Amino acid sequence: MKDNVILKVYKYFLPSAWKRYKGYFIIRFLRLIVNTITPFVPILFMPRIVDELVGNRDVKLITTYVLVIIISEYILGMLNGLFGNILERYSLKFENYYTSLMSARIMEVDFQLTEDKKALDQIELAKNGMSWYSGGLNGIVEPLFNMATSLFTVVGVVVIIAGQAPFILLITLILLVLSARLNKRMNEIEQETYANLSNINRVFSYMGWELTDFRYGKDIRLYGAKEMMLNKWKDYSNMFVGMWGELSHKLISLRLLLMIVDVIRDFGIYFYVGVLSIFGKITIGVTTQMFTAAGTFYNSMRNLVMGYQDLYKRANYANEYVKFMDYPAAIQKGTKSVGDGPHTFEFKNMSFSYPGSDVEVLKNINLTLTPGEHLSIVGLNGAGKTTLVKLLCRLYDPTEGTIYMDGVDIREYDYEQYMNVFAPVFQDFKLFAFSMKENVLIQDEATSEHEREVEEVLDKVGLTEKLATLSKGVDTYVFKHFEEDGIEPSGGEQQKLAIARALHKNAPVVILDEPTAALDPMAEYEIYRQFNDLVDERTAIYISHRLSSCQFCDRIAVFSDKEIKEYGTHAELVNKKNGIYAEMFAAQAQYYQV
Ligand code: ADP
């Protein structure tokens, strides 16, 4: 089981790391050689110096030995430091590389996972798992090389010890088993704490980063929310500190036991080697050699065992990254080609509940949308209008029933091709803190042809006047994250930019999901009217809890209580006795009778 995690993680990371960063592995290998040789220099030369000192006292020979030790230790130490520095730099490269892969994955996972607590937790575990918990790729490769170094050292030292004082090996091994057990328990405790921390970390980063984002500034100030934020922050911060405190409390007694084991080992070896020396079984030189070799043997064996435990621990953290990267798809994806259109859509006996909830949000929906049709979906807040669009765009799949495009279940189509059919402007659309041009084009390289397109589409949505006031034109940044002179567009301007982006996508179906909710009814009416002209022959869906969009739409679907309660043209519905639409229209008529 244990080996599986290590193997799995290595199988996942090593091929890509080797392909991109061969130099890293070469340096690791050179460092392995240096680290293996290093402990043998004093082990081999110290006894010679001691025996020479108590024997012939040949100054030249003694000087030579001393110089050999000093010079080789200096060179080996230098090389070790140099390689260490290079590896450090690789470590940063790895971090950037794997973080960028993860960001890419976060942006492409099935949308519904972004609203799923388990998936969000997994993202947090993955982020931490691949950074400081495991030390990243360098962190999972290092223990392997350290273990190899230790193994070679152990073999060499065993050969040296076995001929002179073999019981050293026995004493060391017994006490090593004890300290390995203690160490294992310490690792387990650490891991449990880290797992609990991931949840707190997510809340923490929301408090720390998102809320200090100036876009929350108005609400925080005007609602006096600072106190609440700081209190919440304090609570979590106390939990955070408490957990770390508990961790060190649990670890302290184990650390103490570990030290006692070390003392017993030292005592046993000094006693045994001392006896051998006093009874003349070994020379003074060999006595010192045995002391050093015993230390090296113990340390290398310990490094070997702990290196394995360390590797196992790190592999487990890194595995959280692998788990996220391989996170199972939330919705089924097909391979069918979408074709050019025009497209007909049909909802058939479709019902839907959000994942993890039994509450039906939509019930038995039957609806057809023909090519070029303009459909208005109206209903009170919470009636399920946005949900219907999310289902149509395949951000979620129906719980029951089917949605068809051109007679084929939409789940059978190639997902990306299918997404390209739609250009929605969602209620909670987001502009990026990039240039206006990039916001419309959604690409960062633009030709002059592109620039013209952007200007054209901005003109269509009525942003030309605004553009004229901006010295950098379409290159002006939206928001101030990147540039001092970025603009802070008004709600209406943001909507226009979002609509421009949707129009520029040139998709066969455009959807306007109440992006105008912040506007007054007349302004909303105006936007829908203009948009309707711009949309032209494309299929369009307008969603609103007001009726602004209805008069120029071909059909109106009135959603209420999870269902489509009324369906027809404006003329049909407006005169229906006791009809929901007729009532809504009567109540709001003042705005629309132009
Ligand atoms: P509308 O667009 O008509 O205002 P929605 O489609 O946004 O309504 O919401 C319909 C219902 O589904 C509401 O009760 C809402 O609380 C619920 N809902 C919306 N999004 C989610 C979600 N991600 N998870 C669970 N319930 C949701």
Side-chain angles (χ1 to χ4, degrees), residues 106-107 109-123 202 206 210 327 329-331 345 347 350-367 369 374-401 403 410 419 422-430 491 495 498-499 502 509-519 521 524 527-528 531 540-550 553 555-567 573 579-581 583-585 587-588:
I106 289 176
M107 286 186 271
V109 286
D110 292 336
F111 172 81
Q112 77 174 62
L113 295 178
T114 65
E115 297 184 338
D116 176 342
K117 186 178 174 304
K118 244 171 89 188
L120 292 177
D121 277 342
Q122 190 58 49
I123 292 178
R202 185 156 52 82
Y206 177 72
E210 302 213 11
Y327 210 86
I331 56 177
F345 297 89
F347 292 78
M350 192 213 72
S351 301
F352 178 71
S353 316
Y354 276 97
S357 145
D358 317 324
V359 183
E360 243 179 8
V361 174
L362 290 169
K363 199 165 130 194
N364 200 29
I365 302 292
N366 286 289
L367 182 72
L369 191 65
H374 291 193
L375 172 75
S376 177
I377 299 179
V378 294
L380 299 178
N381 279 334
K385 306 182 294 293
T386 302
T387 307
L388 186 93
V389 168
K390 285 190 196 163
L391 286 157
L392 180 65
C393 295
R394 289 219 66 203
L395 297 180
Y396 287 88
D397 275 344
T399 324
E400 272 173 53
I403 306 172
I410 57 174
M419 288 247 160
F422 303 94
V425 181
F426 284 107
Q427 204 168 354
D428 54 354
F429 68 86
K430 288 271 181 292
Q495 278 151 1
I499 291 173
V509 183
V510 283
I511 300 169
L512 222 52
D513 177 8
E514 255 184 324
T516 51
L519 300 182
E524 181 181 4
I527 286 207
Y528 277 121
F531 193 71
I541 301 176
Y542 301 109
I543 299 181
S544 180
H545 65 283
R546 298 195 286 225
L547 307 182
S548 359
S549 58
C550 297
C553 276
R555 291 267 180 320
I556 296 155
V558 183
F559 278 66
S560 174
D561 207 13
K562 309 170 193 172
E563 291 176 296
I564 299 180
K565 285 281 163 60
E566 293 171 12
Y567 178 71
L573 298 185
I580 305 173
Y581 185 82
E583 270 182 26
M584 280 171 92
F585 193 77
Q588 298 178 17

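Here the structure is a predicted model, which means the values were calculated and not measured. One-based numbering, in listed order, for ligands and for the atoms of each. These numbers come from the heavy atoms of this one structure, side chains and all, not from hydrogens, waters or symmetry mates.
Relative orientation of the Phe352 and Tyr354 rings is perpendicular, given thresholds of 30° and 60° on the angle between their planes. Taking the six-membered ring where tryptophan is involved, the planes of Phe111 and Tyr396 are perpendicular, since the angle between them exceeds 60° and thus also 30°.
Here is the list of ligand 1 atoms found below 4.0 Å of a heavy atom in Ala383: 1 (P), 3 (O), 8 (O). Close approach of ligand 1 to Leu380 is summarised as follows: ligand atoms under 4.0 Å from at least one heavy atom of the residue are 3 (O). Ligand-side atoms of ligand 1 in range of Asn381: 4 (O), range being under 4.0 angstrom from any heavy atom.
A donor-acceptor pair under 3.5 Å links the side-chain atoms of Ser351 to the main chain of Asn364, judged by distance alone. Side-chain atoms of Asp110 come within 3.5 Å of backbone N or O of Ala330 as a donor-acceptor pair.
For atom 9 (O) of ligand 1, the nearest non-hydrogen atom of the protein is Thr387 OG1, 3.7 Å. Protein heavy atom at the shortest distance from atom 7 (O) of ligand 1 is Thr386 CB, 3.7 Å. The shortest contact between atom 18 (N) of ligand 1 and any protein heavy atom is with Tyr354 CE1, 3.3 Å. In this structure, atom 11 (C) of ligand 1 lies nearest to the protein heavy atom Val361 CG1, 3.5 Å.
Counting heavy atoms of neighbouring residues, nucleotides and ligands inside a 6.0 Å radius, atom NZ of Lys363 does not exceed 12 of them. Shown here is Leu380, whose CG atom has no more than 12 heavy atoms of other residues, nucleotides or ligands within 6.0 Å.
The closest approach between Gly384 and ligand 1 falls below 4.0 Å for a heavy atom of the residue. Within the structure, ligand 1 lacks Ile543 among the residues with a heavy atom less than 4.0 angstrom away. Within the structure, ligand 1 has Gly382 among the residues with a heavy atom less than 4.0 angstrom away.
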- Query: Would Leu375 and Ile556 count as a side-chain contact (heavy atoms from CB on, under 4.5 Å) if you check the C-alpha gap in whole Å, the side-chain angles of each, and the deciding distance to 0.1 Å?
  - Reply: CA-CA 6 Å; Leu375 172 75; Ile556 296 155; over 6 Å; no
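No close placement of the Tyr567 and Phe559 rings is indicated, their centers lying 6.0 Å or farther apart.
Here the CD1 atom belonging to Ile106 is positioned 4.5 Å from the CD1 atom belonging to Ile123, to the nearest 0.5 angstrom.
When non-hydrogen atoms are compared, ligand 1 lies under 4.0 Å from the side chain of Glu115 (C-beta onward) but not from its backbone.
Under the 4.0 Å distance rule, the nearest protein heavy atom to atom 15 (C) of ligand 1 falls outside the cut-off. Closer than 4.0 Å to atom 1 (P) of ligand 1 lies at least one heavy atom of the protein.
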